[in-house]
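Quick notes on the structure that follows.
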Amino acid sequence: MNLFDLGGQFLRVGRALTPPMPLYPPNAGPVLPGILTTTPVVNPIVTAAAAAARINAQALKEERSPNNLVDIQAKLAAVNEEKMKCEDVTTLQQEENVSISGSNARLMIMKKLSRKQESRVIVLRNMVDVDELDEELEDEVTSECSKFGAVDRVIIYQERQGSEDDAEVVVKIFVTFKHSSEGEAAVKSLDGRWFGGKMIKAEVYDEAKFENNDLSH
C-alpha cells in the first residue's frame, strides 16, 4: 500500500517499532501510566544503628526485669555484709591494741611505783624540837651519818605548819651523801632509832625537789 492514492493523497507505509515491555518486580502490581516505580535503596549504616538500638533496648529491658533486680540486690547485700565483717575485724584489732597498750601502761606504772627511789638525799624527822636546836647539832648529824658514807651537806630546816604566829614549827634535817646507796644504808640504820627520847623517822627524799629548794614534802 505504499504510495497508494487515497483521495489525492499518497500513503506511505513502513514498519512500526514497538517499545520493549518494562520489567517489574513479581509483586509490584499493576503500573499506572505516567508513574515511574523504583526499588527502594536500603542504607546499611541506618540499618545497623537501628539494630543496635533494638539490642540495647532489649538488654535494658532484661536488666530491669524482676529477676535481675533480685540478683543485683542479693549482690549488694553480700558486699555490705563483707564490708561489715571487715569493719568488725578492724574494730576488734583496734580494741586489742588499746587493751595491750593499756596493759603495758599499767605495767610500766606498777614497775615505776615498785622501783626504789634512787636519791643521794635523806630526811630525818622528829629528831629534835625547835627549842633543842644548837650549833653542835649539824656536827653531830654529820658525824653520825658519816658511818654510812661520805656526807656532802647537812641542812637543818624549820618548817612552820601554818600562817599563825603560834603555829607549830617542825624541824627537818636533810643529809646529802655522795652515793644513793650510802643514803639507803643510813635510812635502814637510823629509821626507828631513839634519839633524846624521840623516835627518828628517816626516809629517802626526792633529790630533784631538794635541788629545787622544795623541802615541803
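- Looking at Lys198 and Asp129, their side chains come closer than 4.5 Å, going by heavy atoms from C-beta outward.
- For the residue pair Ser189 and Arg193, the shortest heavy atom distance occurs at OG-NH2, 3.0 Å.
- Taking 4.5 Å as the limit, every side-chain heavy atom of Val170 sits out of range of all side-chain heavy atoms of Arg125.
- Residues Cys145 and Leu190 form a side-chain contact, since some pair of their non-hydrogen atoms from C-beta on lies under 4.5 Å apart.
- For Glu207 (side chain) and Arg120 (main-chain N/O), a donor-acceptor pair under 3.5 Å exists by modelled atom type.
- Within the 4.5 Å cutoff, the side chain of Leu215 has no heavy atoms near those of the Glu159 side chain.
- Taking 4.5 Å as the limit, every side-chain heavy atom of Lys201 sits out of range of all side-chain heavy atoms of Leu124.
- The main-chain N or O of Val175 is never found under 3.5 Å from a side-chain atom of Tyr205 such that the two would form a donor-acceptor pair.
- Side chain of Thr142 to main chain of Glu138: a donor-acceptor pair is present (N/O by atom type, distance under 3.5 Å, no hydrogens or angles).
- The side-chain heavy atoms of Met127 and Glu140, taken from C-beta on, include no pair separated by under 4.5 Å.
- Connection of Val169 to Val128 is established within a shared hydrophobic cluster, with ILVMFWY side chains joined at heavy-atom distances below 4.5 Å, either directly or through further cluster members.
- The two residues Glu182 and Lys178 make their nearest non-hydrogen contact at OE1-N, 3.3 Å.
- Rounded to the nearest 0.5 angstrom, Asn213 CG and Ile155 CD1 are separated by 7.5 Å.
- There is no path of hydrophobic side-chain contacts, each under 4.5 Å, that joins Met199 to Val171.
- Using a 4.5 Å heavy-atom threshold, the side chains of Val187 and Phe148 count as separate.
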- request: Could you go through the side chain to side chain contact (heavy atoms under 4.5 Å, CB included) check for Ile173 and Leu137 one step at a time?
  value: CA-CA 10 Å; Ile173 302 175; Leu137 180 60; 4.2 Å; yes
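- Annotation: side chain of Val151 is in contact with side chain of Phe177 (closest heavy-atom distance under 4.5 Å).
- Residue Ser143 holds its OG atom at 12.0 Å from CD of Glu136, rounded to the nearest 0.5 Å.
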